[in-house]
Amino acid sequence: QVQLVESGGDSVEAGGSLRLSCLVSGHAYARNYLAWFRQAPGKDREGIAAIDSSGGKTVYSDSVKGRFAIAQDDAKTTVYLQMNGLKPEDTGIYYCAANSWVRAPRSLYEDEYVFWGQGTQVTVSS
């Protein structure tokens, strides 16, 4: 089992920055792959960033590439999402997800992940 607890969500103005944190605990083998998803009001959940904990390889959706960065601490107990240049369309609930293994081409697909956090709200005003 893996437990995920997100924090850092807030209300900010367009152009601002936020850093989300996801505290990860549980079996190490079950959290080799970590990702951030978000769900805007009335929309499906969208995968935006993923990281391979062992190799450090990262993947981003086109919607956040160049603005957001996923990283983890050396102890691999926390995964971060640094968000810069925020836009109103970035508003939504942000979720952290984990799994022992995902198929690389599908690392931003929610059905590749078994463990999920409760989410943290991000609101960006224009």
Side-chain angles (χ1 to χ4, degrees):
Q1 284 285 5
V2 175
Q3 293 78 43
L4 304 157
V5 180
E6 303 95 335
S7 63
D10 205 345
S11 296
V12 298
E13 293 185 352
S17 298
L18 280 176
R19 189 177 79 159
L20 305 183
S21 300
C22 176
L23 184 62
V24 186
S25 60
H27 293 296
Y29 78 91
R31 45 188 167 102
N32 285 334
Y33 289 82
L34 298 162
W36 284 96
F37 288 76
R38 69 183 180 189
Q39 187 166 22
K43 295 189 176 181
D44 293 335
R45 192 150 54 182
E46 170 193 19
I48 57 174
I51 186 168
D52 171 353
S53 290
S54 58
K57 182 179 179 181
T58 57
V59 176
Y60 297 95
S61 68
D62 289 342
S63 60
V64 306
K65 194 175 297 182
R67 300 187 298 124
F68 291 11
I70 186 171
Q72 59 183 143
D73 65 345
D74 290 342
K76 299 183 179 180
T77 58
T78 305
V79 61
Y80 302 98
L81 184 69
Q82 178 65 44
M83 304 187 294
N84 299 325
L86 283 162
K87 305 174 182 179
E89 52 263 43
D90 293 318
T91 294
I93 301 174
Y94 283 67
Y95 299 91
C96 184
N99 203 0
S100 57
W101 179 80
V102 302
R103 291 169 288 184
R106 295 180 55 83
S107 57
L108 295 180
Y109 285 70
E110 63 176 305
D111 59 2
E112 292 289 321
Y113 295 87
V114 174
F115 305 103
W116 292 83
Q118 295 299 307
T120 186
Q121 176 71 44
V122 172
T123 303
V124 185
S125 59
S126 56

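Scanning both residues, Ala14 and Ser126, for their nearest heavy atoms gives CB-CA, 4.3 Å. The shortest heavy-atom contact between Gly9 and Leu20 is N-CD2, 3.6 Å.
Rounding to the nearest 0.5 angstrom, the gap separating the CD atom in Gln118 from the OG1 atom in Thr120 is 11.5 Å. Between the OG atom of Ser61 and the CZ atom of Arg38 there is a distance of 6.0 Å, given to the nearest 0.5 Å. Expressed to the nearest 0.5 Å, how far CZ of Arg31 lies from NE2 of His27 amounts to 10.0 Å. How far CG of Asp10 is from CG of Leu18: 6.0 Å, rounded to the nearest 0.5 Å. The CZ atom of Arg103 lies 12.5 Å from the OH atom of Tyr33; values are rounded to the nearest 0.5 Å. Atom CD of Glu6 is separated from atom OG of Ser21 by 10.5 Å, given to the nearest 0.5 angstrom.
Hydrophobic clustering (side-chain heavy atoms under 4.5 Å, transitive across Ile, Leu, Val, Met, Phe, Trp, Tyr) keeps Tyr95 apart from Met83. If you chain together hydrophobic residues whose side chains sit under 4.5 Å apart, Tyr94 and Tyr60 fall into the same group. A continuous path of ILVMFWY side-chain contacts below 4.5 Å connects Val114 to Val2, so both sit in one hydrophobic cluster. Cluster annotation: Tyr80 and Val64 are assigned to distinct hydrophobic clusters (Ile/Leu/Val/Met/Phe/Trp/Tyr, side-chain heavy-atom contacts under 4.5 Å, transitive). In this structure, Ile93 is not a member of the same hydrophobic cluster as Val124, with clusters built from ILVMFWY side-chain heavy atoms closer than 4.5 Å.
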request  = Quick one: do Leu23 and Thr78 satisfy side chain to side chain contact (heavy atoms under 4.5 Å, CB included)? Show the steps, please.
outcome  = CA-CA 5 Å; Leu23 184 62; Thr78 305; 3.8 Å; yes
task = Walk me through it: do Cys22 and Leu34 pass the test side chain to side chain contact (heavy atoms under 4.5 Å, CB included)?
result = CA-CA 10 Å; Cys22 176; Leu34 298 162; over 6 Å; no
task = Dump the intermediate steps for side chain to side chain contact (heavy atoms under 4.5 Å, CB included) on Gln72 and Ser53, then the final yes or no.
result = CA-CA 8 Å; Gln72 59 183 143; Ser53 290; 3.5 Å; yes
message = Using side chain to side chain donor-acceptor pair (under 3.5 Å), reason through Ser17 and Asn84 one step at a time and then give a plain yes or no.
response = CA-CA 4 Å; Ser17 298; Asn84 299 325; 3.0 Å; yes
message = Using the rule given for side chain to side chain contact (heavy atoms under 4.5 Å, CB included), can you reason through Gln121 versus Thr91, listing the C-alpha separation, both sets of side-chain angles and the distance that settles it, and then say yes or no?
response = CA-CA 8 Å; Gln121 176 71 44; Thr91 294; 4.1 Å; yes
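Taking a cutoff of 4.0 Å between a charged side-chain nitrogen and a carboxylate oxygen, Asp90 and Lys87 do not qualify as a salt bridge.
Taking Lys76 as the reference, nothing meets the salt bridge (charged side-chain N to carboxylate O under 4.0 Å, His left out) condition, with sequence neighbours excluded. Residues satisfying the ring-ring contact (aromatic ring centres under 6.0 Å, His included) test with Phe37, not counting sequence neighbours, are Tyr113, Trp116.
Counting only heavy atoms from C-beta outward, the side chains of Trp101 and Asn32 never approach each other to under 4.5 Å. Side-chain contact check for Gln3 versus Val5: every heavy-atom pair is 4.5 Å or farther apart. Contact of the Val102 side chain with the Tyr109 side chain is not registered, since no non-hydrogen atoms from C-beta on lie closer than 4.5 Å.
Hydrophobic clustering, defined by side-chain heavy atoms of Ile, Leu, Val, Met, Phe, Trp and Tyr closer than 4.5 Å, groups Val59 together with Leu108.
Side-chain N or O atoms of Asn99 include one that pairs as donor or acceptor with a backbone N or O of Glu112 at under 3.5 Å.
Within 6.0 Å of CG in Asp111 there are more than 12 heavy atoms belonging to other residues, nucleotides or ligands.
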